[in-house]
Amino acid sequence: MLLDGRIAAAAAKQLIKEETALLVGQYKITPHLAAILVGNNGASETYVASKVKNCEEVGFTSTLIRLEDTVSENELLATIQKLNSDAEINGILVQLPLPKHISEANIIEAIHPSKDVDGFHPMNVGRLVQGLDTFIPATPYGILLMLEHFKIPSKGKHTVVIGRSNIVGRPMSILMSSNIPFGNSTVTLCHSQTADLASHCLQADIVVAALGIPGFVKSTMVKEGAVIIDVGITRVIDTTTKKGYKIIGDVDFEEVSKKASAITPVPGGVGLMTIIGLLKNTLLAYKKQHLAN
Ligand code: GUN
């Protein structure tokens with residue numbers, strides 16, 4: 001089965017749009033996401049443009065703040081403080097990676113936890129670990145929604161996550177070992193220092209590949225019938241395409257798809273669900289900020 005992100009994302013987006021219309025009609029306030037983009041990294045430009053476009057499509061307001069890559073950490077912190085105290089802004093997102101002279105940790109900690117729609121603030125990560133109400137980072141959230149859409153339970157299964165980033169691998173490993181719908185499995189977290197990674201992978205009922213090496217997961221590394229979630233989105237030069245590059249996942253789709261019972265394509269898979277995770281978090285932030293009182 002192809003785990004088509006276009007289908008799952010379209011269904012989720014329609015529900016978000018309907019809920020937003022209801023809430024806006026009732027409260028006369030529109031959910032508002034502020035996205036900060038530092039510099040002009042090509043991939044980041046594309047992601048942020050897509051986030052902004054999707055916000056508009058479901059009826060949110062969005063503000064894109066562009067800063068030069070020479071911006072100081074203090075200037076960026078001041079921009080965040082302003083958004084923190086702006087009652088009209090429900091969610092704040094700082095696109096990563098940031099230029100080397102800026103501490104990502106300092107920036108993430110400066111975002112008020114109630115507006116941290118990326119779910120990267122240490123307080124929100126701590127809440128995630130403890131199974132408390134929080135903002136689930138967008139990509140792991142999107143993957144859970146994908147599993148839910150295609151009715152792929154993980155209860156009692158063995159999940160192997162490859163990659164230990166704060167954005168995907170680490171939170172994904174925690175979610176897949178939680179006691180929540182679709183995240184209720186035994187988890188092995190593999191990374192660059194894992195010995196004999198293939199032998200771990202072969203044990204997996206569900207593989208989540210999030211290491212950023214194109215075509216890394218081969219058919220010899222996966223069990224017959226495994227579910228394969230490909231988080232990779234590496235740009236590889238391809239002069240035959242209009243853009244001059246193509247997007248390659250972490251899984252060798254051609255061969256692994258013959259063995260897998262279900263697999264996400266790249267592009268058109270997890271990437272589209274990441275946007276859904278962000279939209280759901282923004283709506284959640286809005287509801288918590290406006291409807292609590
Ligand atoms: N860079 C890569 N993925 C993400 C993400 O989910 N959020 C942000 N802010 N930056 C990213």
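FYI, the numbering just counts along the sequence from 1. Side-chain atoms are counted along with the backbone in the values below, which use heavy atoms only and exclude waters and symmetry mates. Note that ligands are numbered from 1 as they come in the structure, with each ligand's atoms numbered from 1 the same way.
Linking ILVMFWY residues whenever their side-chain heavy atoms come closer than 4.5 Å, directly or via other members, leaves L83 and V117 in distinct clusters.
Heavy atoms of E104 stay at 4.0 angstrom or farther from ligand 1. The closest approach between any non-hydrogen atom of Y47 and ligand 1 is not below 4.0 Å.
Shortest contact from atom 11 (C) of ligand 1 to any protein heavy atom: Q95 NE2, 3.4 Å. Protein heavy atom at the shortest distance from atom 3 (N) of ligand 1 is I167 CG2, 3.8 Å.
Residue V94 touches ligand 1 through its backbone alone, judged by heavy-atom distances below 4.0 Å.
Around atom 10 (N) of ligand 1, the closest heavy atom drawn from T274, I36, L96 belongs to L96. For atom 6 (O) of ligand 1, the candidate residues are D118, I275, V231; the nearest heavy-atom contact is made by D118.
In this structure, K280 forms no cation-pi arrangement with F135, as its terminal cationic atom is not both closer than 6.0 Å to the ring centre and no more than 45° off the ring axis.
Contact of the V160 side chain with the C190 side chain is registered, since non-hydrogen atoms from C-beta on lie closer than 4.5 Å.
For the atom pair I16 CD1 and I276 CD1, the distance stands at 4.5 Å (nearest 0.5 Å). Rounding to the nearest 0.5 Å gives a distance of 8.5 Å between CG of D252 and NZ of K258.
The closest donor-acceptor contact from the side chain of S177 to the backbone of S173 lies under 3.5 Å.
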